[in-house]
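All values derive from a computational prediction rather than experimental measurement. Below, each value reflects all heavy atoms present in this structure, side chains not excepted, and no hydrogens, waters or symmetry copies. Note that ligands are numbered from 1 as they come in the structure, with each ligand's atoms numbered from 1 the same way.
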Amino acid sequence: MAYDFLIVGAGLYGAVCAHELNRRGKKVLVIDKRDHLAGNIYTEDVHGIQVHRYGAHIFHTSDKEVWEYINRFAEFNQYVNSPIAVYRDELYNLPFNMNTFSKMWGIRTPQEAQDKIREQVTSLHIENPKNLEEQALSLVGPDIYEKLIKGYTEKQWGRDCRDLPAFIIRRLPCRFTYDNNYFNDRYQGIPIGGYTAVVEKMLSGIEVRLGTEYRSLMAQEPDIAERIIYTGCIDEYYDYMYGTLQYRSVRFETEELPIPNYQGNAVVNYTDRAVPYTRIIEHKHFEFGKQETTVISREYSQEWKPGLEPYYPVNDEKNGALYEKYAERAKADPNILFGGRLGKYRYYDMDKVIRAALDDLQKI
Ligand code: UDP
C-alpha cells in the first residue's frame, strides 16, 4: 500500500491527525473534495480582510495543552467575543450578564437582577429542565427567553425550543457581573493571518489532493492506504443504511461595502423571528481591521439536504439514537476512524476537535 493513512477531509480534525502522524514518520495522504484546505474554518483574504467563508470561528479554550498546541501554528490576537443582540428596536449585550439585565429591567445590582429572575422563574415550577425552552426559562426567565432566545433559536434550528436539547443553551454563560465576554474560557483569540494559514502550516510537507472525492479515489485505488481517517458525515459513508441524520446548513450572503465600518462589532445577532437571518458578521472586527472597505455576511439557517454543506448536527434524541447505530456499525471497520463534527456527529468547538484528534491518535 502506498500510504499508511488516508485522511479524508482537510479540516481541523484531519489536519491535526495528518500533522501528528507525519511527525511520527507515517506516510500520509490527505484528500478533500473542495478545492481549498481548512474545511469550514477556511478564511479567505478580501482586500486585507480575513473572511470566514463558512461562518465565524472564534478560538477559545480552557485546555492549556490545546492552547499551546494551536499556538505552534499561529500567533493569536487579543480578540474577545462580545456579541450584540438586536430585538426589534432594542439592543442588548450578550452573553446574559448585568449589562443585559440592566437594559432589560432598568436595574443596577446583581441582587436586583437575581431577585427579578427568581420572581419570574419560581412561578414556572421547572424542576429538571428537559429541553432548551425549560433550560432557558429557568436560567434567565421569560422576558429574556422571549426577546433574546426563542426567536433566534427557532430560526437557527428550525425547530420548536421544546424539541431541542437543553445543552445547546448552556453553551452561553449567564453571569451577574458586567462582563460581555461571550466565553468563560481562559484563552481566546483569532489567529493573525487567518485559519487557512494555520491548516497550511499543519499540513506542510504532507501530500494533499484537493478536488478529490473519497469514493472516486477508492474506486480507482481501493488499496491506497492501510488505514483511513474519515471526517465526512458518518451516515453518508454508510450509504444512509439506517436512515439520514439531520444537520443544519447555513446560507451566507456576503458583500463588500464601500464604507469602513458597518455595524461596529464583529457579531450582531438578530433575535426577532421576523428578521430572516440569524446574525450579521462583520469580518474585519475580528482583527481590528482599519481597511477602507468592509465585508459583511448575513447568515440564513436552513435544514440540510443533499447538495448543501452540513454545519451543525441536530443532537436531539432521535438523531442521537440513529448515530449510535452508525457508531456501532463502525466498530466492524477497525481500519476506519471517524472524527470531527461530521464523523462524530457532535456540536464540537475547535478546541474540542483538537483535543479529540490528539486523544484519538494516542489510541491508534
Ligand atoms: N442563542 C440564542 N440567542 C442568541 C445567541 C445564541 O438563543 O442571541 C442560543 C441558540 O439556541 C444557539 C445557542 O444559543 O443555537 C448557541 O449559540 P452559539 O453562539 O454558541 O452558536 P454558534 O456560534 O455555534 O452558532
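Of the protein's heavy atoms, L172 CD1, 3.3 Å lies nearest to atom 14 (O) of ligand 1. Protein heavy atom in closest approach to atom 20 (O) of ligand 1: R171 NE, 2.8 Å. Looking at atom 22 (P) of ligand 1, its nearest protein heavy atom turns out to be Y347 OH, 3.3 Å. The single protein non-hydrogen atom nearest to atom 25 (O) of ligand 1 is Y312 OH, 2.5 Å, given as residue, atom name and distance. Residue, atom and distance of the protein heavy atom nearest to atom 15 (O) of ligand 1 are W157 NE1, 2.8 Å. Protein heavy atom at the shortest distance from atom 1 (N) of ligand 1 is Y152 CD2, 3.6 Å. Of all protein heavy atoms, the one closest to atom 11 (O) of ligand 1 is T153 OG1, 2.7 Å.
Annotation: side chain of V86 is not in contact with side chain of D272 (no heavy-atom distance under 4.5 Å). Using a 4.5 Å heavy-atom cutoff, the side chains of S301 and W157 are not in contact.
Annotation: Y187 is not in aromatic contact with F59 [ring centroid separation under 6.0 Å not met]. Ring to ring, F338 and Y238 are close: their centroids are under 6.0 angstrom apart.
Using a 4.0 Å cut-off between heavy atoms, R248 makes no contact with ligand 1 at all. Residue N269 touches ligand 1 through its side chain alone, judged by heavy-atom distances below 4.0 Å.
Listed by number with element, the atoms of ligand 1 under 4.0 angstrom from any heavy atom of L94 are 8 (O). Those atoms of ligand 1 that come under 4.0 Å of a heavy atom in T271, given as number and element, are 8 (O). Atoms of ligand 1 lying under 4.0 Å from at least one heavy atom of Q156, given by number and element, are 15 (O). Every atom of ligand 1 is numbered from 1 in the order shown, and the set under 4.0 Å from a heavy atom of I149 is 7 (O). Close approach of ligand 1 to I168 is summarised as follows: ligand atoms under 4.0 Å from at least one heavy atom of the residue are 11 (O), 13 (C), 15 (O), 16 (C). Near R279, meaning under 4.0 Å from one of its heavy atoms, ligand 1 places the atoms 22 (P), 23 (O), 25 (O).
Looking at R341 and N40, their side chains never bring a donor and an acceptor atom within 3.5 Å of each other. In this model, no donor atom of one side chain and acceptor atom of the other lie less than 3.5 Å apart for Q291 and H47. Side chain to side chain, E324 and Y242 fail the donor-acceptor criterion of an N or O pair below 3.5 Å.
Around CZ of R186, the count of heavy atoms belonging to other residues, nucleotides or ligands within 6.0 Å does not exceed 12.
Looking only at distances, no side-chain donor or acceptor of T271 sits under 3.5 Å from a matching main-chain atom of G151.
When the heavy-atom distances from atom 3 (N) of ligand 1 to L148, N81, I144, I169 are ranked, the shortest goes to L148. Distances from atom 19 (O) of ligand 1 to the heavy atoms of Y182, Y270, Y311 show the closest one on Y182.
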### Task
Would you sort out whether D32 and R34 count as a salt bridge (charged side-chain N to carboxylate O under 4.0 Å, His left out), showing the intermediate values?
CA-CA 5 Å; D32 200 295; R34 290 179 181 159; 5.1 Å; no

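Not close to ligand 1: K150, with no non-hydrogen atom less than 4.0 angstrom away.
Checked options L94, N184, N181, N97; the residue passing with P173 is N184 (criterion: side-chain contact (heavy atoms from CB on, under 4.5 Å)).
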